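Remember, it's a predicted structure, so these values are computed and weren't measured experimentally.
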Amino acid sequence: MNISFENPDKINGLMTLTFEKEDYQTEVEKTLKDYRKKANIPGFRPGQVPMGLIKRQFGTSVKVDVINKMLGEKLYEYVRENKIQMLGEPMPSDKQKELDFEKGETFEFAFDIAVAPEFKAELTSKDSIDYYDINVDDELVNRQVEMFQSRTGHYDKVEKYDAAQNDMLKGDLRELDADGNTKEGGITVEGAVIMPQYIKVDEQKALFNEAALGSIITFNPRKAYENDTELASLLKIEKDAVADATADFTYQITEVSRFVKGEINQELFDSVYGKDAVKDEAEFRGKIAEGIKAQLATDTDYKFLLDTRAYIENKVGELQFPDALLKRVMLNNNKDKGEKFVEDNYEASIKELKWHLIKEQLVEANSIKIEEKDIKNVAKETARMQFAQYGMSNVPDEYLDNYAAEMLKDRKNTDGLVDRAIDIKLIDALKNVVKLNKKSVSLDEFNKIMEEK
């Protein structure tokens, strides 16, 4: 067997693999013998079918299967042993000659190989990259306290509507005719809920300013709610009927409810952090500040990685890729989407490929290895953050472990978790390599910076 690899421009490779009869014949004979043992052909007892008949019936297909299997193994073995950084998969070359598997004995295969460009991605203490430190001030803590209070809040019944309190109204809607009377057979909705602060048209919103228990207000829902889905929900009609709902309605208020935030007390502390984990408001606020700081550290680390990527991509400069060949690879992987998809997405794909190659070098340079425990930790932290979104900040480790285990059962989740584990270790490593240009900012300033990016 002979393998040759030509790579004159460093990025477009041609690999040729030549198989002689002695390379594959032993495996073909072995496979045919196995076929003979299992063959069930009328007129012959099992295992007694003449080998000549087996060869005539299965010989060519077995030869093809054996050679194809050996072809894949030898190709990738050569790539691995010769440290060829192949991009995508090998593609059949237009230099491929026609093969006759039935009569031929020597078979030559030619593949086009996309090879990664040669470059050096290196960061040292001479490289300076911005690192943002978000101030956890009283305003941030206050926002979080109010959010926790809202989750434990309740509604009280009141007599009069107050727009400043974002009160909620409940009442009966009745459609009016052109004369301002209740329309016979018109739309009627009992117990309709309206929160006037969400009405975007000021003229219609103002009609509710003096609302009180028992008030009857005449307004036009079509004018008040520009969104068809909101209007259909309010009037309990199908969305395609909204266009005809242009009449005025009366709204007789049967209930006015005012939201009251939960008190800052032991009950609130326990609901957030668990029974007796926090004893007073000062400790509560301190615990909140710690949580915010930890969460914001994740955000600032992510921003640091984005800035590091932009910095080193610029430092590495433009890279040459085998564009024509990579487009063939991309089209082969997206046959159902066609050439237009490739043309529309190729540039973005190459941008991500460049970062992937750079990151590989940074990971290797910093001796970053990912173990199973790293992936489990990321899955567990992801679970913790998901629970926190629903205000559950004191979920026991046992539940987090179980939730993480379920996440890891799905291969699609695992790939993302591995990438995240790599990023975490890479960020920690690079923070100790480059010079950090630290900048202290407020959360609003940081969010504005992220939006601009």
Check the pair Thr308 / Leu123 against side chain to side chain contact (heavy atoms under 4.5 Å, CB included), numbers first and verdict last.
CA-CA 9 Å; Thr308 301; Leu123 290 170; 3.8 Å; yes
Check this for me, if you would: do [X] and [Y] make a salt bridge, where the nitrogen-to-carboxylate-oxygen distance has to be below 4.0 angstrom?
X: Asp307; Y: Lys439; result: no
X: Asp228; Y: Arg222; result: yes
X: Glu406; Y: Lys409; result: yes
X: Lys303; Y: Asp130; result: no

Quick one, Phe5 with Ile113, criterion side chain to side chain contact (heavy atoms under 4.5 Å, CB included). Give me CA distance, side-chain angles, the key distance, then yes/no.
CA-CA 9 Å; Phe5 183 66; Ile113 306 288; 4.1 Å; yes
Quick check: are there more than 12 heavy atoms from other residues, nucleotides or ligands sitting under 6.0 Å from [atom1] of [X]?
X: Lys74; atom1: NZ; value: no
X: Lys431; atom1: NZ; value: yes
X: Glu339; atom1: CD; value: no
X: Lys200; atom1: NZ; value: no
X: Glu263; atom1: CD; value: no
X: Glu73; atom1: CD; value: yes
X: Glu267; atom1: CD; value: no
X: Glu255; atom1: CD; value: yes

Side chain to side chain contact (heavy atoms under 4.5 Å, CB included) assessment of Phe321 paired with Leu87:
CA-CA 10 Å; Phe321 288 91; Leu87 303 176; 4.0 Å; yes
Interatomic distance, [X] atom [atom1] to [Y] atom [atom2] [nearest 0.5 angstrom]:
X: Ile264; Y: Glu146; atom1: CD1; atom2: CD; value: 8.5 Å
X: Leu14; Y: Asp94; atom1: CG; atom2: CG; value: 9.0 Å
X: Lys293; Y: Leu140; atom1: NZ; atom2: CG; value: 11.0 Å
X: Gln266; Y: Leu268; atom1: CD; atom2: CG; value: 9.5 Å
X: Asn7; Y: Met15; atom1: CG; atom2: CE; value: 10.0 Å
X: Ser257; Y: Gln165; atom1: OG; atom2: CD; value: 13.0 Å

What closest approach, in Å, do [X] and [Y] show between heavy atoms, and which atom pair accounts for it?
X: Pro117; Y: Ile11; result: CA-CG2, 4.0 Å
X: Leu234; Y: Pro221; result: CD2-CB, 4.4 Å
X: Tyr251; Y: Gly171; result: OH-N, 3.0 Å
X: Ile358; Y: Val316; result: CD1-CG2, 4.1 Å
X: Lys315; Y: Glu122; result: NZ-O, 2.9 Å
X: Asp301; Y: Ile427; result: O-CD1, 3.6 Å

Closer than 3.5 angstrom, by distance alone: can the side chain of [X] be matched with the main-chain N or O of [Y] as a donor-acceptor pair?
X: Gln204; Y: Asn220; answer: yes
X: Asn12; Y: Pro322; answer: no
X: Arg258; Y: Lys160; answer: yes
X: Asn314; Y: Ala310; answer: no
X: Thr300; Y: Leu296; answer: yes
X: Asp344; Y: Phe341; answer: no
X: Glu283; Y: Lys279; answer: yes
X: Thr254; Y: Lys170; answer: yes
X: Lys337; Y: Val342; answer: no
X: Thr16; Y: Ala110; answer: no

Step-by-step side chain to side chain contact (heavy atoms under 4.5 Å, CB included) determination, Asp138 to Arg285
CA-CA 9 Å; Asp138 287 342; Arg285 293 176 66 86; 4.2 Å; yes
Non-neighbouring partners of [X] that pass side-chain hydrogen bond (donor to acceptor under 3.5 Å, both in side chains), sequence neighbours left out:
X: Thr382; result: none
X: Lys380; result: Asp401
X: Lys239; result: Thr229

For the residue pair Phe148 and Tyr273, does the interplanar ring angle fall in the parallel (under 30°), tilted (30 to 60°) or perpendicular (over 60°) class?
perpendicular
Measure up the Tyr155 and Phe259 rings against each other and bin them: parallel (under 30°), tilted (30 to 60°), perpendicular (over 60°).
perpendicular
Any luck finding a side-chain donor-acceptor pair between [X] and [Y] under 3.5 Å?
X: Tyr132; Y: Asp299; result: no
X: Gln320; Y: Asp9; result: no
X: Ser440; Y: Asn135; result: yes

Salt bridge (charged side-chain N to carboxylate O under 4.0 Å, His left out) evaluation trace for Arg384 with Glu381
CA-CA 5 Å; Arg384 191 192 309 280; Glu381 191 57 34; 3.2 Å; yes
Answer yes or no: is there a side-chain heavy-atom contact under 4.5 Å between [X] and [Y]?
X: Ile134; Y: Glu445; value: no
X: Phe109; Y: Leu75; value: no
X: Asp172; Y: Thr188; value: no

Can you name the one residue among Lys354, Lys359, Glu360 that meets side-chain hydrogen bond (donor to acceptor under 3.5 Å, both in side chains) with His356?
Glu360
Should Glu352 and Arg309 be marked as a salt bridge (charged side-chain N to carboxylate O under 4.0 Å, His left out) after you check the CA-CA gap, both sets of side-chain angles, and the distance that decides it?
CA-CA 11 Å; Glu352 290 305 310; Arg309 171 177 174 172; 2.9 Å; yes
As a quick check of understanding, evaluate salt bridge (charged side-chain N to carboxylate O under 4.0 Å, His left out) for Glu347 and Lys351, giving each step before the final call.
CA-CA 6 Å; Glu347 187 176 345; Lys351 185 173 177 61; over 6 Å; no
